[in-house]
Structures are given as structure tokens and as C-alpha cells.
Trainee: 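Can you read through this structure? Questions will come right after.
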Amino acid sequence: MANDPARAQRVLLRVLLALIVLAAIAAVLIPAGRGWDFANFYDTGRRAAAGQLQDIYNPSALIGGGSPQGQMSFWGAPISAWFYAPLSLFPPHVALILLKLVASLAFAAGLLLLYREMLPFASQNGPTSFWFAPVFALLILLYQPFWTIYRVGGQTTPIVFLLLVLGLMCYLRDRIWAAAICMLFVVLVKPAFLFVPAFLGLVSGRRFFLALATVFLTTAAVSILLLGWPIHREFLEILRRGSGKPSPWPFNSSLYIVADAFRNRAHSIPVPRSGGWFPDFLRTIMKLMVLGTFVFLGAQSLGQEWTADRRRLFWYLLSVSFCLLISQVVWEHYLAVLFIPLSFLVALFPRMKFAERAHLGIILGLCVLQNLVLVLYVRDHLPVSSFAGLLIVSILKAGPLLAYLGFLWFRRDFLFRQLASA
């Protein structure tokens, strides 16, 4: 009888892993999203292969005299356009499968490494520690930001997720150059995640700051020498415009869509002339609250007697959290990287009191509601153009980050104690 729990754990784990694999295979083979994000990367790869790098930020430009696959804008760094050139070797229906397959493998590798990194924390939970594996697998199956990428035709967010996990491993082991290189590729692929290395560079001391500066500046110089300054100027201008551009709630899980709900909208499309001064004021207040929270957490951490590796873990998880919480646009698949700090909390779950467990459950439950099919159904079939409807759906979309910010503030004593005892 003593072996029954262990046997049940193994059986449950195998069932969950089988379900994950079957779901991923089906998602890869279903040709969804061919005109969505897939078109972005496919057209960029075709332009790079055709020698049309000057057109990578012009989604309507012809490619070799032919029409582009879609009309979505490319947001990556200029030199990263070459990453997608291999897709041009295949017809669209094959490239679509390949992009989804690469994304699946990146997620699989990142999640496996993340599980191994968090396992030591779960192993301190005594008799219940062997349940961490099936719980981890169950969360992968339910965590909708992982599955959104298949609906939009594949994404590079899984590669960013893998790079962030590798960066965590290197950073914890004080391999600063390897960690800096991981940060570089994160930003090349998704410039929106620049806040992660920026935060780490400020809090990690001179060695890591100099490593980051060396890697980033060297790569920037090489890129400008190879591709010229005009395309980089265009890239910076696109980032500048995009950073202040509101995004409708169905595709944005940022905290700040709650402020945008106070603008008049028709079917989720912002009308800049409406809303007056209050939405911008509310957004500013929310950003100040986020900044104040992180300054306070950082100041409080300085008085903690943590080991060096636990302090590095704290800073790294905080940097990922800061990036998501400060960003004005957080596509729902960006929440995949929120699973990195959440996995740490899941490993600590047996040591939590009821209030902390309930709070974590709310965060995870709200992440389940990020299902893109469900969100689009709500947009198309429910009356969300009224102020009340917009406010409700905006709060639900921003819910995971709102609840997570609350956890960082209200449960900080628990986090500090666990980092001290781990």
C-alpha cells in the first residue's frame, strides 16, 4: 500500500504527458493562423532571402514581385530577419507546420529545464514532493498562453521562453557572459522584452552590467555595419510609435487595458478623441504603482540574509515580472513567460497557507480564461462595446497580471521567508 501513491503519481504523469503530446500534435497539424502571426515571420524570411531587407518593416511591399502572405508588421531587430529566411525554402503550408513544430520543441525544452530548475524547491516539501511532476504537467495542459501560439500560426515567444529559462540557469550559476548572450537573443527576437536585461543590468552589479553593455553594443555595431543605419532608424521609429499605441483588449493582457476601457470604443477599437484626460492619468498612476512596488521590494530585499544564488533568483524572477507588469502591450502569448515565476510559486504551494494558495489559484484560473478562441467568441457574440462590458472584459484580460501584482505586494513576506529558508 505504501507504493500506491507513487504508482498513482506515475500513471497520472504519463496520462498528462500523453495528452500534452497529442494536443500539441493536433495543434501543429491544424492549419490555423496562416494569415496571422505566421504570415509575419514567413514574409520577413522571404524578404530576407530575396535581399529585400529594406522592406521588412513594410508589410504591404511585394516580395520578389509577388504578393506577401499577410499584412502584419514585423517588430524584430533588423538583423533578426535572417532568422526566418529558412522558412522561405518551403511553401506556406509546410512552413506553417515547421514554425509550429519549432515552437513546440522550444516550449518542451524550456519547460523541461524549468521543471528541473524548480524541482529542488519542491523536493523540500517532504512526502508531497513527488506530486510536483504531475501538477507541473497539468498546469502546462491548462495554461492557455502556451496554446495561443498555435491559433495564430506559430510564434517566436516559445524561443524567448527557452532563452529566458537558459538565462535563468546561467545567471543563477554566475555565468554572466552566457546569461548576457541569452538576454541579447531575447531582445533580438522580441524587443518588447528589453525590460528584462535592463532591470537585471541595474540590480546585478558592475560585472553583469558591463557584460550586457559589451554584448549589446558589439552586436548593434556589427548590425549597423552590415545593414546600414537607415533600417535601424526605421526600426527605432517603429518601436517608438508602437510603445504608445493602444491595442484592443482581445489581444492585449496588459494591466493598462483597464485604463483604456474608459475610452469610448466600438467593437474594441480605441477612439483617441474620446475619454478625455482620465485614461492617461489612470495609466500613469498604475505605472507609478508598479514602479513603487518594485522599488519597495528591491529595498526590502537588501536587508534579507539570503545566499548569493537565492538573491540572484529573486532578481531574475523580479526582472521577468517587471517586464510584463510595466509593458503597455502584452500579447496573450507573452504571458507564457509569466509561467517562469509562477512555477517557483507552484513549487512552494505545499508550504503556503490557505490565503496564499487561493491567491495563486486565482492567478492560474485567470490565465485559463486567456484562451484566444473564447476571447474572440466573447468579442463577437457578447455586448462588450458598452462601458460596463468593456470594463469587465478588460479586468478579466488584465486579471492574471493584476492578481500577480497583488501577490508580489500582499504575499511578499511569504516569498522573503521562503528565499531565506530554501
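We're numbering straight along the sequence, starting at 1.
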Trainee: Measuring only between side-chain heavy atoms, which start at C-beta, is W177 closer than 4.5 Å to V215?
Mentor: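 They are in contact (side-chain heavy atoms under 4.5 Å apart), so the answer is yes.
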Trainee: Ignoring hydrogens and angles, tell me if any N or O in the side chain of H232 forms a donor-acceptor pair with the backbone of P78 under 3.5 Å.
Mentor: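 The answer is no, because no donor-acceptor pair under 3.5 Å joins these two groups.
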Trainee: Kindly write out the residues that satisfy ring-ring contact (aromatic ring centres under 6.0 Å, His included) with Y42, not counting sequence neighbours, or none if the list is empty.
Mentor: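 For Y42 the ring-ring contact (aromatic ring centres under 6.0 Å, His included) partners, ignoring immediate neighbours, are F38.
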Trainee: Heavy-atom count around F235 CZ within 6.0 Å, excluding the residue itself: above 12?
Mentor: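 Atom CZ in F235 is packed in, count exceeds 12.
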Trainee: Taking only residues two or more places apart in sequence, or in another chain, which ones meet S204 in a side chain to side chain donor-acceptor pair (under 3.5 Å)?
Mentor: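 Residues passing side chain to side chain donor-acceptor pair (under 3.5 Å) with S204: Y171.
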Trainee: Flag the pair L369 / L366 as yes when at least one side-chain heavy-atom distance between them is below 4.5 Å, and no otherwise.
Mentor: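 The answer is yes; the side chains approach within 4.5 Å.
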Trainee: Testing the basics here: between I257 and K397, what is the closest heavy-atom pair and its distance to 0.1 Å?
Mentor: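 Smallest heavy-atom distance, with atoms named: CD1-CB, 3.4 Å.
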Trainee: If you look at every heavy atom in A48 and A85, which pair is closest and at what distance?
Mentor: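 Shortest heavy-atom separation between A48 and A85 comes out as CB-CB, 4.4 Å.
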Trainee: Going from CZ on R206 to CZ on F209, what distance comes out if it is rounded to the nearest 0.5 angstrom?
Mentor: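 Nearest 0.5 Å value for the CZ-CZ distance: 11.5 Å.
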Trainee: Once salt bridge (charged side-chain N to carboxylate O under 4.0 Å, His left out) is applied, do any residues pair with D280, and if so which ones, sequence neighbours excluded?
Mentor: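 Residues passing salt bridge (charged side-chain N to carboxylate O under 4.0 Å, His left out) with D280: R263, R283.
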Trainee: Please give me the minimum heavy-atom distance between A106 and L162, naming the atom from each residue.
Mentor: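 Looking at all heavy atoms of both residues, the closest pair is O-CB, 3.8 Å.
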Trainee: Give the minimum heavy-atom separation between A178 and C170, together with the two atoms involved.
Mentor: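 That would be CB-SG, 3.6 Å.
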Trainee: If the condition is side chain to side chain donor-acceptor pair (under 3.5 Å), which residues does S60 pass it with, not counting sequence neighbours?
Mentor: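 Result, side chain to side chain donor-acceptor pair (under 3.5 Å) vs S60: N58.
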Trainee: Please check: side-chain N/O of N40 versus main-chain N/O of S73, any donor-acceptor pairing under 3.5 Å?
Mentor: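 A pair under 3.5 Å: yes.
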Trainee: Could you tell me which residues satisfy side chain to side chain donor-acceptor pair (under 3.5 Å) with Q144, sequence neighbours excluded, listed by chain and number?
Mentor: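 Q144 satisfies side chain to side chain donor-acceptor pair (under 3.5 Å) with N371 only.
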Trainee: Between F132 and F121, is a side-chain contact (heavy atoms from CB on, under 4.5 Å) present by the stated rule, with each step listed?
Mentor: CA-CA 10 Å; F132 181 60; F121 297 101; over 6 Å; no
Trainee: Have a look at W249 and tell me which of V258, D260, L396, V378 forms a side chain to side chain contact (heavy atoms under 4.5 Å, CB included) with it.
Mentor: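 The residue from V258, D260, L396, V378 that satisfies side chain to side chain contact (heavy atoms under 4.5 Å, CB included) with W249 turns out to be V378.
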Trainee: For the atom pair CH2 (W36) and CG (L372), what is the distance rounded to the nearest 0.5 Å?
Mentor: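 One finds 5.0 Å between CH2 of W36 and CG of L372.
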Trainee: Applying side chain to side chain contact (heavy atoms under 4.5 Å, CB included) between F74 and each of I238, D55, I56, report the one that passes.
Mentor: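 One option only clears the test, and that one is I56.
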Trainee: Do any side-chain atoms of residues 91-105 form donor-acceptor pairs under 3.5 angstrom with protein atoms, and if so which ones, sequence neighbours left out?
Mentor:
from: K100; atom 1: NZ; to: A27; atom 2: O; distance (Å): 3.4
from: K100; atom 1: NZ; to: I30; atom 2: O; distance (Å): 2.8
from: K100; atom 1: NZ; to: A32; atom 2: O; distance (Å): 3.0
from: K100; atom 1: NZ; to: Y150; atom 2: O; distance (Å): 3.2
from: S104; atom 1: OG; to: K100; atom 2: O; distance (Å): 2.8
from: S104; atom 1: OG; to: Y150; atom 2: OH; distance (Å): 2.6

Trainee: Assess whether atom CZ of R412 is packed by more than 12 heavy atoms of other residues, nucleotides or ligands within 6.0 Å.
Mentor: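 Check passes, neighbour count above 12.
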Trainee: Quick check against the 3.5 Å criterion: does W147 have a side-chain atom that pairs as donor or acceptor with the backbone of A24?
Mentor: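 No, because the side chain of W147 does not come within donor-acceptor range (under 3.5 Å) of the backbone of A24.
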Trainee: Is a donor on one side and an acceptor on the other found under 3.5 Å between the side chain of T219 and the backbone of F216?
Mentor: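 Side chain of T219 to backbone of F216, a donor-acceptor pair under 3.5 Å: no, none is there.
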Trainee: Between the main-chain N or O of L119 and the side-chain N or O of S123, is there a donor-acceptor pair closer than 3.5 Å?
Mentor: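 Confirmed, S123 side chain pairs with L119 backbone.
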Trainee: Evaluate the side-chain contact (heavy atoms from CB on, under 4.5 Å) criterion for residues I140 and F107: first the C-alpha distance (whole Å), next the side-chain angles of each, then the deciding distance (0.1 Å), finally the verdict.
Mentor: CA-CA 10 Å; I140 293 171; F107 263 150; over 6 Å; no
Trainee: Report, one line per pair, each donor and acceptor closer than 3.5 Å where one atom sits in a side chain of residues 314-324; sequence neighbours left out.
Mentor:
from: Y316; atom 1: OH; to: L164; atom 2: O; distance (Å): 2.6
from: Y316; atom 1: OH; to: L168; atom 2: N; distance (Å): 3.2
from: S319; atom 1: OG; to: Y316; atom 2: O; distance (Å): 2.6
from: S321; atom 1: OG; to: L317; atom 2: O; distance (Å): 2.7
from: S321; atom 1: OG; to: Y404; atom 2: OH; distance (Å): 2.6

Trainee: Just verifying a value: how many Å separate L202 CG and F208 CZ, rounded to the nearest 0.5 Å?
Mentor: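 That separation rounds to 11.0 Å.
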Trainee: At what distance, to the nearest 0.5 angstrom, does CG of L360 lie from CG of L348?
Mentor: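 It is 9.5 Å, given to the nearest 0.5 Å.
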Trainee: How far apart are the C-alpha atoms of T148 and Q370, what are their side-chain angles, what is the distance that settles it, and do they pass the side-chain contact (heavy atoms from CB on, under 4.5 Å) test?
Mentor: CA-CA 8 Å; T148 295; Q370 301 294 309; 5.7 Å; no
Trainee: Test L13 against Q9 for side-chain contact (heavy atoms from CB on, under 4.5 Å), laying out the working first.
Mentor: CA-CA 6 Å; L13 179 60; Q9 179 264 356; 4.3 Å; yes
Trainee: Go through F387 and F262 one step at a time and tell me if the ring pair (Phe, Tyr, Trp, His ring centres under 6.0 Å) criterion holds.
Mentor: CA-CA 7 Å; F387 170 72; F262 288 87; 5.2 Å; yes
Trainee: Write down the atom of L401, the atom of S253, and the distance for their closest heavy-atom approach.
Mentor: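 For L401 and S253, the tightest heavy-atom pair comes out as CD1-O, 3.4 Å.
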Trainee: Might you point out which heavy atoms bring R46 and P68 nearest each other, and give the distance in Å?
Mentor: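 So the two residues come closest at NH1-CA, 3.9 Å.
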Trainee: Are the side chains of L12 and W131 in touch, meaning some heavy atoms are under 4.5 Å apart?
Mentor: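 When only atoms from C-beta onward are counted, W131 and L12 do touch, with a gap below 4.5 Å.
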Trainee: Test your reading of the model: is there a side-chain donor-acceptor pair from R351 to the backbone of Q124, 3.5 Å cut-off?
Mentor: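 No; zero donor-acceptor contacts below 3.5 Å.
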Trainee: Could you pull out all residues at least two apart from T293 that satisfy side chain to side chain donor-acceptor pair (under 3.5 Å)?
Mentor: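 Checked T293 against side chain to side chain donor-acceptor pair (under 3.5 Å); zero matches.
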Trainee: Mind checking the CZ-CD spacing from F41 to Q69? Nearest 0.5 Å is all I need.
Mentor: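 That separation rounds to 13.5 Å.
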Trainee: Taking distance alone, no hydrogens or angles, what donor-acceptor pairs closer than 3.5 Å link side-chain atoms of residues 294-302 to residues at least two apart or in another chain?
Mentor:
from: S301; atom 1: OG; to: G298; atom 2: O; distance (Å): 2.7

Trainee: V375 versus F251: any side-chain heavy-atom pair under 4.5 Å?
Mentor: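 No, side chains not in contact.
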Trainee: Do any side-chain atoms of residues 109-117 form donor-acceptor pairs under 3.5 angstrom with protein atoms, and if so which ones, sequence neighbours left out?
Mentor:
from: E117; atom 1: OE1; to: R173; atom 2: NH2; distance (Å): 3.3
from: E117; atom 1: OE2; to: R173; atom 2: NH1; distance (Å): 3.0
from: E117; atom 1: OE2; to: R173; atom 2: NH2; distance (Å): 3.3

Trainee: State plainly whether the residues D309 and R312 are in salt-bridge range, i.e. N to O under 4.0 Å.
Mentor: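 Salt bridge absent between D309 and R312.
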Trainee: Sequence neighbours left out, what passes ring-ring contact (aromatic ring centres under 6.0 Å, His included) with Y377? Give chain and number order.
Mentor: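 Result, ring-ring contact (aromatic ring centres under 6.0 Å, His included) vs Y377: H381.
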Trainee: I'd like a table of donor-acceptor pairs (distance under 3.5 Å, sequence neighbours excluded) in which one partner is a side-chain atom from residues 330-347, with atom names and distances.
Mentor:
from: H333; atom 1: ND1; to: T157; atom 2: OG1; distance (Å): 2.7
from: S343; atom 1: OG; to: F339; atom 2: O; distance (Å): 3.3
from: S343; atom 1: OG; to: I340; atom 2: O; distance (Å): 2.7

Trainee: CE of M352 to CD of Q418: how many Å apart, nearest 0.5 Å?
Mentor: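 It is 8.0 Å, given to the nearest 0.5 Å.
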Trainee: For R47 and P59, indicate whether the former's side chain and the latter's backbone hold a donor-acceptor pair under 3.5 Å.
Mentor: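 Flag set: sc R47 to bb P59 pair under 3.5 Å.
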Trainee: Please determine if K287 forms a cation-pi arrangement with Y256, meaning its NZ or CZ atom is less than 6.0 Å from the six-membered ring centre and no more than 45° off the ring axis.
Mentor: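 Yes, cation above the ring, under 6.0 Å and within 45°.
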